[in-house]
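Sharing a structure here in structure tokens format.
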Amino acid sequence: MNLIIDIGNTMAKVALFNDGEMVEVLTESNQSLDCLKALCAKYPVNQGIVATVIDLNERVLADLAALPFPLLWLNHETPLPVVNLYETPETLGYDRMAAVVGANEQFPHRNILVIDAGTCITYEFIDSKGQYHGGNISPGMQMRFKALRQFTGRLPLVDTNGRKLPMGRDTETAIRAGVLKGMEYEISGYIESMKHKYPELLVFLTGGDEFSFDSSVKSIIFADRFLVLKGLNRILNYNNGRI
Ligand SMILES: Nc1ncnc2c1ncn2[C@@H]1O[C@H](COP(=O)(O)OP(=O)(O)O)[C@@H](O)[C@H]1O
Ligand SMILES: CC(C)(COP(=O)(O)O)[C@@H](O)C(=O)NCCC(=O)O
Ligand SMILES: [K+]
């Protein structure tokens, strides 16, 4: 079985895959991977992969180093089953690469937009020939809420739970609608403009943050919370024996 670890700027995601099937997944702090020992005792793990977009602390590094099977550390030199056209592959976030690999595995001959709504929202484009062209990075939901508080004198910290109006009627609803509608319109705008160029475009949405869309947009989105983990599993299998 494969142990898959995706360490993001907010959360670590850890999963076990058996022959392409995800059998267990856990989300936990990116400062401690406390679930590792128990997971590895529970399943017969043969190999693992780690992709991180943060510098790991000593404790996490030690826990990973102690794992009793080979571990592939995803980096810009890792062979991939897609072509990476990013001009600076050495600075590309591994979670972005993995999401693209996961989407391409499901639809290898399609043009795909991958949207990952986590700490940041990332937009990736991979074409029907399996070439990753790059994409965009914008602030994620929590970052937007926190930024409005941090960089103003009067705005409170608001979150997604509470009254949702199309147009705010007080400070709280104005911020909530501003952030959520802003993300929705941003995402819809990408989809619309890319569909104009690629009418057969497929759209994947992944990441920890879920939100609502109007039905016309929703109907063309594949929501797959585990796309990055699936992509990492594919990368690990692709590199089988090369660790
Ligand atoms: N169980 C959960 N624990 C923590 N965050 C969660 C959980 N469920 C949803 N979220 C949301 O998901 C976001 C993290 O998404 P994720 O894709 O894991 O980000 P990243 O990869 O940047 O760490 C959090 O900011 C939070 O809003
Ligand atoms: C863009 C990101 C911060 C997204 O991280 P996440 O929201 O998944 O925690 C991460 O992929 C990253 O640090 N990228 C490096 C820059 C780049 O991809 O070009
Ligand atoms: K992201």
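One is the number of the first residue; the rest follow in order along the sequence. Whatever order the structure lists them in is the order used to number ligands and atoms, beginning at 1.
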Classify the ring geometry of Phe222 against Phe204: parallel below 30°, tilted from 30° to 60°, perpendicular beyond 60°.
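Aromatic pair Phe222/Phe204 classed parallel.
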
Between Lys181 (side chain) and Val179 (backbone), is there a donor-acceptor pair under 3.5 Å?
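Not a single qualifying donor-acceptor pair exists.
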
Donor on one side chain, acceptor on other, Glu186 and Tyr123, under 3.5 Å
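There is such a pair between these side chains.
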
Mind jotting down which protein residues get a heavy-atom contact under 4.0 Å with ligand 2? Chain and number order, please.
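Within 4.0 Å of ligand 2, the protein residues are Gly8, Asn9, Val53, Tyr86, Thr91, Leu92, Gly93, Asp95, Arg96, Thr119, Cys120, Thr122, Ile137.
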
Just verifying a value: how many Å separate Phe107 CZ and Asn104 CG, rounded to the nearest 0.5 Å?
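One finds 11.0 Å between CZ of Phe107 and CG of Asn104.
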
Gap between atom OG of Ser188 and atom NZ of Lys195 - 0.5 Å precision:
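Separation between the atoms: 12.5 Å.
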
His76: ring pair (Phe, Tyr, Trp, His ring centres under 6.0 Å) partners, not counting sequence neighbours
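For His76 there are no ring pair (Phe, Tyr, Trp, His ring centres under 6.0 Å) partners, ignoring immediate neighbours.
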
Treating Arg176 as the side-chain partner and Val158 as the backbone partner, does any N or O pair qualify as donor plus acceptor under 3.5 Å?
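Looks like no, no N/O pair under 3.5 Å.
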
At a heavy-atom distance under 4.0 Å, which protein residues reach ligand 1? Sort them by chain and number, would you?
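Close residues (ligand 1, cut-off 4.0 Å): Gly8, Asn9, Thr10, Met11, Lys13, Gly118, Thr119, Gln142, Gly207, Gly208, Asp209, Arg225.
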
Is there a donor-acceptor contact under 3.5 Å linking the side chains of Asn237 and Asn2?
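Present: a donor and an acceptor within the cut-off.
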
Starting from Val83, walk the hydrophobic network (Ile, Leu, Val, Met, Phe, Trp, Tyr; side-chain heavy atoms closer than 4.5 Å) and list everyone else you reach, by chain and number.
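When side chains under 4.5 Å apart are linked, the cluster holding Val83 also contains Leu85.
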
